[in-house]
Student: 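Could you have a look at this structure, given as structure tokens, before my questions?
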Amino acid sequence: MNALTEDDLIIALEKALPEIAEEHRAAATPWQPHDWVPWDEGRNFAFLGGEDFDPSQATLPDEARAALLALLLTKDQLPSYHRVLAKHFPAFSEWRQLIGVWTAEDNRHSIVLRDYLVVRRAIDPVDAEHRRLVHVTKGYRQSPEAMAELGPMDVLALMAVHENQCVSFIKRLSAIADDEVLEEILAKIAADDEVQSKTFGKFLNAGIVADQDTTVIAMDKALAVGRAEAIGHDIDDFDAERALIADYENEETWKEIAAAFADAVKLDSVQGLGDEAEAARQRILSRARG
């Protein structure tokens, strides 16, 4: 089968859009970020007559602080991920059912994390804001070269990997949270990410139907990219923190993510691929088997 043009592939994916969007809506659980912030523990900073943050006030061990900061800054990077998605699936089109809803859901993650961490004085808010400005300004894949190489299936596969990475990362982080409110916040975020990962997986499955070679190659490339780009990998001046969470993504992590990919598209039963795509399929299945 000849590969579809990008326009034809997007048209083919649009046929699956209404059903997948409805399934996403049915699976998603609404929640309010403000409900999960212990506001009664908060107090003013010096600008409003209170006391500014002092490191002695920190309430988290170093590993938990590093992991939460990595997760927060990853979630802060939402504008870049939105732009990556919107390259082929503009929010002003019918794709707003995917792009708009996903963006709105993911936006509440950074809201609730920052509010919790600031109210609890768990991190230095000035440092966190400086890091946010640097990180969001730098962006994710925000160069012409990085964007040019992404076709529609590349984008969807990268997002599926990203959401699975977040689920795995939060699982590790939750194990050391040692705070019931924080555990609930992380559970809410992970539940969103789990639903979103399955939604992107369904689009990959639609891609298999439309153009299986292009889709399988995109999945293989996305797994390789994700393996090289752990959560927090691109945060500036973060070496000490990265060392504390270096084992959050390991071979078991990538076995699970590859297995989720393979299951989403029933990869073991895909047949008739070209040589390049078949080699990619075998790599994915090999990763999934560990």
Side-chain angles (χ1 to χ4, degrees), residues 1 3 9 13 16 20 67 70-71 74 77 81 84-85 88 102 140-141 146 149-175 189-234 242-243 245-290:
M1 180 184 296
L9 180 53
L13 292 172
I20 295 175
L71 182 62
T74 297
Q77 200 61 279
Y81 287 107
V84 168
L85 275 168
H88 295 292
W102 175 84
Y140 170 75
R141 292 185 173 271
E149 65 186 21
L150 298 178
M153 297 316 304
D154 296 311
V155 169
L156 294 170
L158 280 172
M159 294 308 300
V161 166
H162 173 71
E163 295 296 356
N164 276 290
Q165 279 182 281
C166 287
V167 171
S168 177
F169 188 91
I170 292 170
K171 185 185 299 183
R172 286 292 304 271
L173 173 53
S174 297
I189 296 172
D192 281 354
D193 289 341
E194 180 73 27
V195 171
Q196 291 163 354
S197 72
K198 291 179 179 178
T199 295
F200 286 116
K202 291 173 183 176
F203 280 107
L204 294 178
N205 192 50
I208 289 288
V209 174
D211 186 340
Q212 61 181 16
D213 281 52
T214 296
T215 301
V216 172
I217 291 170
M219 291 168 62
D220 181 52
K221 287 164 53 181
L223 285 169
V225 168
R227 186 70 181 87
E229 298 180 354
I231 299 295
H233 81 282
D234 56 347
R242 244 186 316 268
I245 58 175
D247 66 341
Y248 272 42
E249 295 182 34
N250 51 37
E251 292 305 318
E252 185 62 27
T253 302
W254 290 100
K255 175 182 175 181
E256 292 175 358
I257 293 176
F261 257 36
D263 289 345
V265 301
K266 299 180 176 59
L267 193 60
D268 57 349
S269 63
V270 173
Q271 298 179 350
L273 296 169
D275 291 345
E276 182 183 2
E278 178 58 27
R281 185 180 84 97
Q282 292 299 332
R283 283 192 294 271
I284 297 170
L285 292 174
S286 177
R287 291 191 188 102
R289 291 190 292 265

Student: Atom OG1 in T215, atom CG in D220: separation rounded to 0.5 Å?
Tutor: 12.5 Å

Student: Ignoring hydrogens and angles, tell me if any N or O in the side chain of S168 forms a donor-acceptor pair with the backbone of N164 under 3.5 Å.
Tutor: no

Student: Considering all heavy atoms of both residues, which atom of G232 and which atom of T74 are nearest to each other, and what is their separation?
Tutor: N-OG1, 4.1 Å

Student: Just to verify, what does F261 make a ring-ring contact (aromatic ring centres under 6.0 Å, His included) with, not counting sequence neighbours?
Tutor: none

Student: Donor-acceptor pair, Q165 side chain versus E229 backbone, under 3.5 Å?
Tutor: yes

Student: Working to the nearest 0.5 angstrom, can you tell me the gap between Y140 OH and Q77 CD?
Tutor: 9.5 Å

Student: Using atom types as modelled and distance alone, determine if a side-chain donor or acceptor of T253 lies under 3.5 Å from a backbone N or O of N250.
Tutor: yes

Student: If you compare all heavy atoms of A160 against all heavy atoms of L204, which two are closest, and at what distance to 0.1 Å?
Tutor: CB-CD1, 4.0 Å

Student: So for atom CD, which belongs to E149, do other residues, nucleotides or ligands contribute more than 12 heavy atoms lying within a distance under 6.0 Å?
Tutor: yes

Student: With the threshold set at 4.0 Å, does a side-chain nitrogen-carboxylate oxygen contact exist between E194 and K171?
Tutor: no

Student: Ignoring hydrogens, what is the shortest heavy-atom contact between L150 and R141? Give both atom names and the distance.
Tutor: CD1-CD, 4.0 Å

Student: Checking D154 side chain against G151 main chain: does a donor-acceptor pair fall under 3.5 Å?
Tutor: yes

Student: Hey, does the side chain of S286 reach the backbone of Q282 with a donor-acceptor pair shorter than 3.5 angstrom?
Tutor: no

Student: Between D193 (side chain) and C166 (backbone), is there a donor-acceptor pair under 3.5 Å?
Tutor: no

Student: Report the relative orientation of the aromatic rings in Y81 and W102; use parallel for angles under 30°, tilted for 30 to 60°, perpendicular for over 60°.
Tutor: perpendicular

Student: For E163 and D192, indicate whether the former's side chain and the latter's backbone hold a donor-acceptor pair under 3.5 Å.
Tutor: no

Student: Working to the nearest 0.5 Å, report the span between CE of M219 and CG of L156.
Tutor: 11.5 Å

Student: Does R172 use its side chain to pair, donor to acceptor, with the backbone of D247 at less than 3.5 Å?
Tutor: yes

Student: Mind checking the CG-CG spacing from N205 to L267? Nearest 0.5 Å is all I need.
Tutor: 10.5 Å

Student: Nearest heavy-atom pair of F203 and M153: which atoms, and what distance?
Tutor: O-CE, 3.9 Å

Student: Measure the NE2-CD1 distance between H162 and I231 for me, rounded to the nearest 0.5 Å.
Tutor: 6.0 Å

Student: Going from CD1 on I217 to CD on E276, what distance comes out if it is rounded to the nearest 0.5 angstrom?
Tutor: 3.5 Å

Student: Looking only at non-hydrogen atoms, find the nearest pair between A157 and A218 and report the distance.
Tutor: CB-O, 3.6 Å

Student: If you apply the rule side-chain contact (heavy atoms from CB on, under 4.5 Å), what do you find for V265 with R281, and how did you get there?
Tutor: CA-CA 11 Å; V265 301; R281 185 180 84 97; over 6 Å; no

Student: Between L158 and V155, does a side-chain contact (heavy atoms from CB on, under 4.5 Å) hold up when you go through it step by step?
Tutor: CA-CA 5 Å; L158 280 172; V155 169; 5.9 Å; no

Student: With sequence neighbours excluded, what pairs up with R242 under the side-chain contact (heavy atoms from CB on, under 4.5 Å) test?
Tutor: I235, F238, D239

Student: Where is the tightest heavy-atom contact between V161 and G226, given as atom of each residue plus distance?
Tutor: CG1-CA, 4.0 Å

